[in-house]
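Below are the structure tokens for one structure; questions will follow.
The figures that follow rest on heavy atoms only: side chains count, while hydrogens, waters and symmetry mates do not. Just so we're on the same page: letters track the sequence lines, and every chain starts at 1.
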2 protein chains.
Amino acid sequence: MSPAADTRDRLIDAALELFVYQGYAATGLAQVARKAQVLPGSLYYFFPTKEDLLLATLERRKQTLYEGVLRPIWESTNDPIERVFGLLAGYRQMLELTEFKHGCPIGNLVLELAETHPRARGLLVQNFDGWLDAVEQCFASAQDRLPPGASPRQLAVFVLTTMEGAVMLARAYRNFEAYDAAVVHLREYVERLLVESAARQSSRRA
Amino acid sequence: MSPAADTRDRLIDAALELFVYQGYAATGLAQVARKAQVLPGSLYYFFPTKEDLLLATLERRKQTLYEGVLRPIWESTNDPIERVFGLLAGYRQMLELTEFKHGCPIGNLVLELAETHPRARGLLVQNFDGWLDAVEQCFASAQDRLPPGASPRQLAVFVLTTMEGAVMLARAYRNFEAYDAAVVHLREYVERLLVESAARQSSRRA
DNA sequence: CGGTGTTGGTTGGTTGACCACCTAAGCACA
DNA sequence: TGTGCTTAGGTGGTCAACCAACCAACACCG
């Protein structure tokens, strides 16, 4: 890796963390540079404007979704339904490790920037889409165990809304009560869909 | 109302909207004063610091929860379960009316301020608590129609996480697909709890 | 009644810090 | 020698915070 690519990466890493931790507007470029061990001027060399830096972080986030988020869980879990809940457990673990400092990296920025930064919104949506695609695939490959009317995509959306809301409440309360309650109910719901479908299939066979 | 209380109120009203619309950090005090038709100096008379203004808006939000949010729905709907979904419909309507500009007033600020403003976090939690109390009461007064193990509080938490997540996705995508999908699934889940309980009761009677 | 001090609220402008943004000189490596 | 990158410094602008002068309403007292 060239030295330039290295500092560029360090800048994105630093910005990624600061934007998620304290918001976009509240983060100064000088602070990003300091955290990345780079002089403020260099920052301008790679990212002409602050928004360019923001877009680069979102692009990075999108590209590391599989490597950083999905793969560790996909490798430890095979059952598609359990993979979904493994994902939820992963976010829980992140909250735990960072003592609720980091929530969902996308969610925070959506609420802050959706109205004011249209280009960022586009990338945020792409990030959500990537996540939804992955979860949709889980449900799709378990579709034979689900009721016939169940839409994998809509189930994925439900999982994402639950997760985003749960992360938000966990950060607000600084505990896992709400997060765990939400996941328990989501599991109850999915469980019911599974047994319903199983009952239907066995009755058809009979 | 004294003229002073009036300008104070106007300031809180203006700040309330701006903080929700464009975030806390991104909102300048001069902008708040302009919107409230007040000179910047007066702002300092009522609120020594920007954070004091923030806390006042959260206090106000807490006190207007019933009047502004719950009452209109409570009055048009009697069934406790339908009241819960009426609440969700109300937030949907707000998104529609404001063209996705306003999300949940509390949720936005939670993600922005939870880590950096501990006093604000306390008030944000109080706001969530008030909302949760109301929804919990709904489920509690329908408890005879729910399975015996169902906890009204935990159900309320599930509703809140769903709502917050749904609002977030609606704002990101600028459409209601995700919002509606989430609400549909939540309804499916509650519906299943109701019929389950009904079946159990009729089988006991038999 | 009327003059006088006090209080609650307003005005407009200042201050110092910080911000994103910009530049031009310097560096190392090819 | 040239190119890619880094460095230090600087500019204009905006921010929260602050202030001193001001004003109207009121209370108190001669």
Side-chain angles (χ1 to χ4, degrees), chain A residues 1-60 109 112-113 115-120 123, chain B residues 1-60 109 112-113 115-120 123:
Chain A
M1 192 184 294
S2 78
D6 183 52
T7 66
R8 195 188 131 93
D9 275 353
R10 286 212 315 279
L11 283 169
I12 292 182
D13 285 339
L16 210 49
E17 187 167 339
L18 289 171
F19 287 164
V20 169
Y21 173 56
Q22 59 187 13
Y24 176 71
T27 300
L29 289 179
Q31 192 184 6
V32 175
R34 209 179 316 129
K35 188 180 180 73
Q37 309 254 47
V38 168
L39 284 252
S42 292
L43 215 164
Y44 181 73
Y45 176 77
F46 293 101
F47 308 103
T49 76
K50 190 183 183 182
E51 194 182 11
D52 289 323
L53 176 59
L54 170 67
L55 298 178
T57 66
L58 296 179
E59 196 68 49
R60 158 80 65 89
L109 295 173
E112 181 178 359
L113 305 171
E115 285 311 312
T116 46
H117 294 67
R119 302 210 300 148
L123 274 168
Chain B
M1 191 185 293
S2 78
D6 183 51
T7 65
R8 196 187 131 93
D9 274 353
R10 288 211 314 279
L11 284 169
I12 292 182
D13 285 339
L16 209 49
E17 187 167 339
L18 290 171
F19 288 164
V20 168
Y21 174 54
Q22 58 187 13
Y24 176 70
T27 301
L29 288 181
Q31 191 184 7
V32 174
R34 209 179 317 128
K35 189 182 180 72
Q37 309 254 50
V38 169
L39 294 217
S42 291
L43 216 163
Y44 182 72
Y45 175 77
F46 293 102
F47 308 103
T49 76
K50 189 183 184 183
E51 193 183 13
D52 289 323
L53 176 60
L54 170 67
L55 298 178
T57 66
L58 295 179
E59 195 69 48
R60 158 80 64 89
L109 295 173
E112 182 179 359
L113 305 170
E115 284 313 310
T116 45
H117 294 68
R119 302 209 299 150
L123 273 168

Review point. Atom CG of A/L43 to atom C1' of D/dT7: distance rounded to whole Å?
Key: 13 Å

Review point. What's the shortest heavy-atom distance between B/R8 and B/A56, and which atoms?
Key: NH2-CB, 4.4 Å

Point to revise | Distance in angstrom units between B/D52 CG and D/dA16 C1', rounded | key: 12 Å

Exercise for review: Would you check if the side chain of B/E112 reaches a backbone N or O of B/Y24 as a donor-acceptor pair within less than 3.5 Å?
Suggested key: yes

**Study point:** Integer-rounded Å distance: C/dC22 P and A/F47 CZ
**Key:** 16 Å

Review point. Of the candidate nucleotides C/dC21, D/dT6, D/dA16, which contains the atom at the shortest distance from the side chain of A/F46?
Key: D/dT6

Point to revise | Length of the CZ-P vector between A/R8 and D/dT6, whole Å | key: 12 Å

Revision key, fill the gap. From CD of B/Q37 across to P of C/dT10 the rounded distance in Å is 14 Å

Review point. Who passes side-chain hydrogen bond (donor to acceptor under 3.5 Å, both in side chains) against B/E17, sequence neighbours left out?
Key: none

Check your understanding: Should A/E59 and A/I12 count as side-chain neighbours, where that means a heavy-atom distance under 4.5 Å?
Key -> no

Check your understanding: Is any side-chain nitrogen or oxygen of B/T7 closer than 4.0 Å to OP1 or OP2 of C/dT10?
Key -> yes

Practice item. Please answer whether the main-chain N or O of B/T116 pairs with a side-chain N or O of A/Q22 as donor and acceptor at a distance below 3.5 Å. Key: no

Practice item. Report yes if the side chains of B/T27 and B/Y21 come closer than 4.5 Å at any heavy-atom pair, otherwise no. Key: no

Check your understanding: Near DNA chain D, under 4.0 Å by heavy atom, which residues of residues 15-30 of chain A?
Key -> none

Check your understanding: In Å and rounded to the nearest 0.5 Å, what is the OH to CG distance from B/Y44 to B/D52?
Key -> 9.5 Å

Revision key, fill the gap. Of D/dA8, C/dT10, D/dG4, the nucleotide closest to the side chain of B/Y45 is C/dT10

Practice item. Among C/dG13, D/dA8, D/dT6, find the nucleotide with the atom closest to the side chain of A/L39. Key: D/dA8

Point to revise | Identified side chain to side chain donor-acceptor pair (under 3.5 Å) partner of B/R10 from the options B/T7, B/D13, B/D6 | key: B/D6

Check your understanding: Which residue lies toward the 5' end of DNA chain C, A/Y44 or A/R34, if each is placed at its nearest nucleotide?
Key -> A/R34

Study note, to complete from the structure: Per side-chain contact (heavy atoms from CB on, under 4.5 Å), B/V32 is matched among B/L11, B/L16, B/T57 by B/L11

Exercise for review: Take the C1' atoms of the five end pairs on each side of the helix from C/dC1-D/dG30 to C/dA30-D/dT1, get both axes, and report the angle to 10 degrees.
Suggested key: 20°

